Amino acid sequence: MDKRQSSHSCASCGAMSCRTADAGKYPDFCPTAGLDQDLLAETLRIYKEDEEPGRIARVAAEVEGLFYGRYCRVEETVEFIKRMGYKKIGIATCVGLIYETRILGKILRKQGIASFSIGCKTGAVDKTEVGIPPELKINKGCGHESLCNPIMQAKFLEKKKTDFNIVMGLCVGHDSLFLRHSAAPTTVLVVKDRVLGHNPVIALYQAGTTYSRFK
Ligand code: SF4
């Protein structure tokens, strides 16, 4: 069996020699060593010929290169918005992160950047409307419980003609729907983790200790 078709992938790599194009050190299963050159050429064509993805790639690299290890994610996001020249920012927020979204809006305003935020429960449609059984609601079916409606959030921000969107703490899956339906390019500032203070990587850092249940 071709080793490149085995279960190994980049996560098994100890070399990461693709960072410096050190071809002599690519492992047997390396996707770079066995790369479909037509596919690579197609991606490069997109960066070089399509205006928006090319510009995003160059500005993202600019922010990374200039502020590496000095700017936190909020600062990098503001810097990216300014360098891209975005004027109208959409914020798709979890209603549980309204406070943090308000602070973000103030930070953007101070930088002369306008933002519109839209909460996940917008529309106030009961979860049962889309086939969620009452017993699977958090309230176990004791009355109305609004559906998170990320598709509505995306459509609302599209109508507002936002240049760029920011996700603030949407749940897993709801974020997937927002990202799929967003008309504008989007970054995720906060991911939802109700247990770990919206910092899910802690579970991976502690996989050998506190979160050993993953084993
Ligand atoms: S592309 Fe190759 S060298 Fe880079 S991380 Fe994956 S396996 Fe390692």
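Quantities reported herein were computed from a predicted structural model and do not represent experimental measurements. What you see below is based on every heavy atom in this structure, not just the backbone, and it leaves out hydrogens, waters and symmetry mates. Numbering of ligands and ligand atoms starts at 1, following listing order.
In this structure, the side chains of Pro200 and Val191 come closer than 4.5 Å at one or more pairs of heavy atoms. Between Ile56 and Met84 the shortest side-chain heavy-atom distance falls below 4.5 Å.
Residue pairs meeting the ring-ring contact (aromatic ring centres under 6.0 Å, His included) criterion with at least one partner in residues 146-195, sequence neighbours excluded, are Phe80-Phe164, Tyr86-Phe164.
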List the steps, then state whether side-chain contact (heavy atoms from CB on, under 4.5 Å) holds for Cys171 with Arg194.
CA-CA 9 Å; Cys171 310; Arg194 296 180 180 90; 3.2 Å; yes
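Taking Glu76 as the reference, Val63, Tyr71, Arg73 meet the side-chain contact (heavy atoms from CB on, under 4.5 Å) condition, with sequence neighbours excluded.
The set of protein atoms (N, O or S) found at less than 2.8 Å from atom 4 (Fe) of ligand 1 reads Cys18 SG, by chain and number.
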What pairs of donor and acceptor atoms, side-chain ones from residues 101-119 against any protein atom, are under 3.5 angstrom apart with sequence neighbours left out?
| from | atom 1 | to | atom 2 | distance (Å) |
| --- | --- | --- | --- | --- |
| Thr101 | OG1 | Thr93 | OG1 | 2.7 |
| Thr101 | OG1 | Leu97 | O | 3.0 |
| Gln111 | OE1 | Lys82 | NZ | 2.7 |

